[in-house]
Amino acid sequence: MSPEPVQTRIFEEEILSVSDVSLSFGGVKAIQNVSFDIKRGEIRAIIGPNGAGKTSMLNVINGFYHPQEGLIRFKGKARRRMRPSIAAAQGIARTFQNVALFKGMSTLDNIMTGRLPRLEKGIFGEIVNVFLQAAYLGPARRSELEQRKYVEEIIDFLEIQHIRRTPVGRLPYGLQKRVELGRALAMEPELLLLDEPMAGMNLEEKEDMSRFIIDVNDQYGTTIALIEHDISVVMDLSDRIIVLDYGRKIADGTPGEVQSNQAVMDAYLGVPHE
Amino acid sequence: MPAKGVTGQEGLDTFPKLLLHNARTLPDHPSIREKDLGIWQSWNWSEVLEEVRALAIGLQKLGLQAGEKIAICGENRPRLYWTFVAAQSVGAVPVPVYQDSVAEEMAYVMEHAGAAFVVVEDQEQVDKLFQISETVSCIRHIIYDDPRGLRDYQEENLHSFKDVQEKGRKALRDAPQAKTGWEETINAGKGSDISVFLYTSGTTGRPKGVVLSHDNVLITARETAILEGLRPDEEVLAYLPMAWVGDHIFSYGQSYVCGFCVSCPESPETMLQDLREIGPTYFFAPPRIFENILTTVMIRMEDAAPLKRKLFKYFLGVAKEYGEAILNGENVPLKGRLLYALGNILIYGPLKNTLGFSRIRIGYTAGEAIGPEIFRFYRSLGINLKQLYGQTEAAVFITVQPDGEIHADTVGVPAPGVEVKIAESGEVLYRSPGVFVEYYKNPESTSETKTGGGWVHSGDAGFFDDRGHLKIIDRAKDVGRLNNDAMFAPKYIENKLKFYPNIKEVVAFGDGRDMCTVFINIDLTAVGSWAERNNVPYASYQELAANDLVYDMIEAHVDEVNAGLAREPGISGSQIRRFLILHKELDADDGELTRTRKVRRAFIADRYAPLVTALYDGSEMTHIETEVTFEDGRKGMIAADIQIRDMQTYEPPTSMEAAQ
Amino acid sequence: MFYREAGQFKTTYKSDQALFPIAQDRYFVIGVVLFAFLVIPFFITDYWANALLLPFLIYALAAIGLNILTGYCGQLSLGTGGFLAVGAYASYKLMTSFPEMNLIVVFLLSGLITALVGIFFGVPSLRIKGFYLAVATLASQFFIVWLFNKVPWFFNYSATGQISVPPREIFGFLVTGPDASPAITYLFTLTLVSIFALLAKNMARGNVGRSWMAIRDMDIAAEIIGIRPLKTKLIAFAVSSFYIGIAGALLFAVWLGSAEPTEAFGIDQSFLILFMIIIGGLGSILGSFMGAAFMVLMPIFLKNFMVDGLGLQPAFSEHVQIMLMGVLIIFFLIVEPHGLARLWQIAKEKLRIWPFPY
Amino acid sequence: MMFFLEVTISGLMAGVMYSLVALGFVLIFKASGVFNFAQGVMALFAGLTLVGLMEKFGLPPWAGIMATIAVMILLAWLIEFLILRRLVNQEHIILFMATIGLAYVLEGLGDVMWGSDVKLLDIGLPQGAVDWLLDDYNLYVEKLEVAAAVTAVIMVIVLAIFFQKTRIGRALRAVADDHQAALSVGISLRTIWVIVWSVSGIVALVAGIMWGSKSGVQFSLSLIALKALPVLMLGGFTSIPGAIIGGLIIGMGEKWAEIYMGPIIGGAIENWFAYMLALVFLLFRPQGLFGEKIIERI
């Protein structure tokens, strides 16, 4: 399937840049000297064969792994190590390769948890909040209802009204992925990291998910970085693509450029294209 | 909220006047709800007035003129309902369009009505409209309710509903007199003004635009509301197409007349869930919905534990024996009452509740004949389900079953203000305040239908039974005569047979012939499960259809129908003399059924000519080969030997017997 | 079967998020509460109060506390007995040091003190997980019991090493001490337990509860979506200990009247309460009550059955009783590992869709 | 100095006992992920059974031990059949609670069968101090403790060989890492469970004999399980060397603390000291003594 030529969108402002990042576990080098940037508003794909370091890259971006070398600059602020919860508070949300939902909770509650970092308060505020919550009084109740309303918009957006009260453990895989996306959206992220959002989906589910990703990008203006194996999906969705192989970046550019890149063909696509 | 009937409405002869009235007298009473974002978002009458006012002024600002048409297309949504009254308030005419119609149909209706504005629900319809915009030149503006996916649409004549309202609100802020001006326009309106165009989805030919005046709709709505004692605290679920006259009367007309609240489901898929939540007190559904619900109930109960299943069966039996009599207020022995009360605690109450039927005070069904078993099932549970007979041209109500006079096989007596008579030909004619003004731009059809003295040809054949209740038997044009001049109503006979769960399709022959005969299609699911229970082996539909035991079973059904037909004056002559069970299922792919699953009688008669011949030449067995289309599109031949059975007929009872 | 939900639709989030959104549930709960407050006090006897109702209510409160930590937040704790002791000794010291202090204040302060101790012992939970943490909580259990045994200040240097509650009144009614009437002690305990159960339910269904459950279900994902694990766990430890502390104060001051640390607050107590939440249902406030009822009633029932019913020797029957207890617990875990609350929920779902099977 | 040595040796001896009980825990936890709280009660039960068999039937010690081993194997089989296989795939906490239930059952059962009074266990282990140490170095070391230590060491060696050299042993190690892999070795999971529970039962019997010979078979015997828990924390739930070294550390530390710190802060600190020790240790090294650094994946 050859991708249709996509109208090239132009993005100016850099939201994230990764410079010369290296990460290793023990002796194993997961990422070596990788640099790239993500511009505000674009859909950026990271592709590469299994074990190329894609998921590790996302883990570095949201502070879950701490690279030994290099800098990550998000919204102009540079850092090397940080707690994931701080990354979340700064506006980075993500989904996971193997769905990481809270199995004991309903769809609604799962998405509601995405609102939690928005409600962070200082220690004193937290203590007051616990009391208010317990009494279900005043600001606590009001905030609860406001969050609910916000989350309902997401539920509506993702068309999962019918599973609102279902414990997520009972949902089919495709819907779980959608709920997970919902939870990430509830964080009102500026940068959304999607780790194989369409893994294990059938064609119809993939189309739905693609539509949601485009709509998120379109409607909320969210910058998206995604890892995906289905090349045709990647070519359709993304504005620019990074190709990783054995922890190194081997190509970076528009779908057209990447597709015609010899190194990519050799390393990743394996067989000559078409 | 004190419950009050519909009184003191003199002078409230248009929808906009009723809106002003309701906003004044019931300002805080909910007017409309919509399941959205997880809850039932509600608007009370004063809020609706504000919304409608903003919309009306906004539409005017966009250039909507009195007399112009505004098409409305989408699922049942509050904003679309508001568009009706907003349009009417500025003298424009709303034209609801079926939201599932294909682009050309939509184009035809819009072109024919000359719609200048279109208000639609979402992107799907917007896309459809752009698709037809080449052919339909009259559309000036398109307004959508749900902005999802429409952000990138740059077309200048495309507006969001909210923006239009905002225009209106701004205008009202800038010029406060606009409000009084708007109300003056409303008060200048008359009952005889055109209220709405409702396009009938004709089975043949192009849809016709039925023009109804405010009087047509409101007088009918009011009369029947008084008849049934409807109050402002009724709960109604609006889930049938807005373009259909029934929804227009029940969800719009009567809501404005009575002030009751209408609830719009979240989506068609969640309708049953929403039905359960709302628990309507006043409910309309076509027979097929009742039929589907009953089937689901029975299927779900199949999986229940044996004890529960027994309990269920037993109490359904109790209900069958006493339920209807109790509902009708007849004398029932104490034992029956006690058993029924127990059943109500254990089965009927919870069952009705789970279905969302427990609060129904008045339930209507109409549109086609409902199976007597289904009808009685619901009534025996204590649901006051009634049949009515109506048409778009009559603003629905022609006849309705009065409380206490409910018969499964009639459609009741003429509704208040309606006169009904039977023409020489057997066609039902009626005259009422609800009779439509005309077919839009179609004087020819108008004059064919509306004849001298204001009588309207319904196009249906029927007769009054000895209780004075109307029975509809068929479309008038389909009613024929046997050679002995006895009336032959094929659909009536077919329906009677189709009410048996074992029978799926029936084709009746008899017009211009000596006697009435039928082809029968058995229902593979029902008969198949019967076969399993009775250890009747079969490999295919064909084998099952040829089975003697199956023939015996069907014969018993036909015999019962004959016995029933014998008791009905006028058509007792067309009892079934011979029948056969077809060796294949009638199939739309083979052209035997329409896409809406109606039998194409003439086509079938032609295709199976040897069988028809055999039915009339007295043979007991016949052979046929037929070409069929398989599911994968391949064609092939199947051959079969088909048995034909003779039936005995019954003598019509003497008038003495009939009187008992 | 008893549910009539048609027509119970919600037009606001407030009503949709209500504690008991279904009217029939609401009526039932109101009925039970009214019965507990208005009927039982008139018929209560010493035996009923001391053998059944007080232990039931107090253990239910402790079980709610432990459920918050273990059931909602997923942090397995075996230190409940120690925290009960902290509450008990805190209330004892407060009552004897400040005789004028209002009893309610005494109980709240006892809870707060226990919460602080809980936070202290909760700190390791950031680094230690699962059974390691469970074993670590045993440290608090043993340490606290040892402390109250060894430091005479805690038991006011009494010769026996025991603590005994002084008689105290509230609104003119005697609540503690041997002369308190069963109706008063019962009502006092019931009031506290009802209020705190409601508060716990509110926390559990709100943001606080969601953050606990997120940590419980998948702590890494929770951290990545921005939930701070330490803060969340410490809140759980604090709230949980607060509840257990109040339960400990009630256990000592209102129910037992006197206590000695090894007996009343030993590790068996920790296990007993853990059983309550497992058999009642992890992550369920209702389950805490059910589990407490089960674990309070079962030994009484077994004892009555074997001693009075079968006429066994009390000593022998005690062994059999322990054994049967173990058997019953295992049986329960096998039959319904999610506890009585799950059974109740299943029954409720069945009733809601009655007569349909699904 | 001699006193210190005496304290240390006595601590090490006690530590060996802890190691033995901890070993039982580790075996079961490794193979089935079950935190077996009943390990201590199993030691009590084994001791009671041994005493009972010897008393009631006048069996000589070796026969009594053989019979008790048979009982423990039967018990393991019953536990697998009645409990474990019915709780497969349940959460860890449920299995944990089930073993507490099991502890109640065994405790009650032991009492019902053999009575609840303190029983003396004498299978002919040497009593008193080791003479030459006492004579030559003025060092007091109990013979029984030496015997216990020797037995424990032998036990550990036998287990090590069992795990390293036999097919079943290898399967047991495999099952700890990957249940599927274990199946491919050709031994069913259930068999494996019966075996580990049997082995733990035998280890419990040894612990029961040692402890029982020293201070009689009584309820407090079941409390040695509580002693073994900090050992597990320290050494890791899945590490056999961890259980051994951890036991020694805890045993020694406890004795030192009791002797040198106890008088200062009030005595009887052995109840909690081991826990505190393990806790503090874990705070700095969450993976325990022998665990590898945990790389969290998502």
Side-chain angles (χ1 to χ4, degrees), chain A residues 58-59 62-64 83-96 99-105 108-110 112-120 123 126-127 129-137 140-149 152 168-169 180 183-184 186-187 189 193, chain C residues 10 12-19 21 68 71-74 108 112 115 119 195-232 234-236 238-239 242-243 282-284 338 345 349:
Chain A
L58 292 196
N59 283 337
N62 78 340
F64 187 62
R83 304 286 309 161
S85 52
I86 298 180
Q90 289 182 355
I92 300 178
R94 72 171 285 185
T95 66
F96 302 89
V99 182
L101 286 171
F102 306 126
K103 294 268 185 293
M105 304 193 212
L108 182 64
D109 278 334
N110 261 283
M112 289 284 262
T113 57
R115 301 297 295 162
L116 288 170
R118 295 247 132 216
L119 309 169
E120 280 284 335
I123 296 238
E126 285 296 344
I127 292 171
N129 184 43
V130 171
F131 282 104
L132 288 174
Q133 282 263 317
Y136 198 47
L137 277 179
R141 171 191 270 191
R142 225 167 16 248
S143 140
E144 179 82 9
L145 300 181
E146 274 165 25
Q147 306 317 322
R148 170 78 193 275
K149 188 159 186 318
E152 283 291 344
V168 290
E180 205 187 18
R183 187 178 66 187
M187 297 164 69
L193 312 174
Chain C
K10 310 296 178 197
T12 58
Y13 291 124
K14 201 175 131 189
S15 55
D16 195 47
Q17 303 265 56
L19 199 52
I68 285 172
Y72 284 100
C73 198
L108 291 181
L112 282 178
I119 291 175
I195 290 172
F196 281 111
L198 175 70
L199 297 185
K201 183 76 189 164
N202 278 340
M203 273 184 277
R205 70 205 176 98
N207 275 331
V208 176
R210 276 190 285 270
S211 63
W212 289 339
M213 290 188 273
I215 292 286
R216 172 194 70 190
D217 286 349
M218 197 170 263
D219 53 351
I220 296 175
E223 187 175 2
I224 285 175
I225 67 165
I227 296 171
R228 290 162 203 269
L230 181 63
K231 183 197 81 183
T232 309
L234 287 188
I235 290 178
V239 176
F242 179 81
Y243 273 77
L282 287 173
S284 161
H338 299 286
Q345 200 186 352
E349 286 309 312

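Below, chains carry the letters A, B, ... as their sequence lines are ordered, and counting in each starts from 1.
Looking at A/M105, both its backbone and its side chain come within 4.5 Å of chain C, counting heavy atoms on both sides. Contact annotation for A/R83: only side-chain heavy atoms (C-beta onward) come within less than 4.5 Å of a heavy atom of chain C. With a 4.5 angstrom heavy-atom cutoff, C/A222 touches chain A via backbone and side-chain atoms both. Heavy atoms closer than 4.5 Å to chain A are found nowhere in C/K201, neither backbone nor side chain. Using a 4.5 Å cut-off between heavy atoms, C/I225 contacts chain A through both its backbone and its side chain.
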Candidate pair A/Y136 and C/Q17, rule side chain to side chain contact (heavy atoms under 4.5 Å, CB included), full reasoning = CA-CA 11 Å; A/Y136 198 47; C/Q17 303 265 56; 3.9 Å; yes

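Within the structure, salt bridge (Lys or Arg N to Asp or Glu O under 4.0 Å) contacts touching residues 203-215 of chain C (residues at least two apart or in different chains) are A/D109-C/R210, A/E144-C/R210.
A distance-only check finds a donor-acceptor pair linking the side chain of C/Y243 to the backbone of C/F196 [under 3.5 Å].
Top candidate by heavy-atom pairs under 4.5 Å with chain C, chosen from A/Q133, A/Q147, A/E126, is A/Q133. With chain C as partner, the option from A/A186, A/A134, A/P189 having the largest number of non-hydrogen pairs under 4.5 angstrom is A/A134. Of the listed residues (A/R115, A/M187, A/R141), the one with the most heavy-atom contacts under 4.5 Å to chain C is A/M187. Top candidate by heavy-atom pairs under 4.5 Å with chain C, chosen from A/A88, A/G63, A/S85, is A/S85.
Under the 6.0 Å distance and 45° angle rule, A/R94 does not count as a cation-pi partner of A/F64.
For the pair C/V239/C/W212, a side-chain contact is recorded, criterion being any heavy-atom separation below 4.5 Å from C-beta on. A 4.5 Å side-chain heavy-atom check between C/I215 and C/Y72 finds every atom pair outside the cut-off.
Scored by the side-chain hydrogen bond (donor to acceptor under 3.5 Å, both in side chains) test, A/R148 finds A/E152, C/D16 as partners (sequence neighbours excluded).
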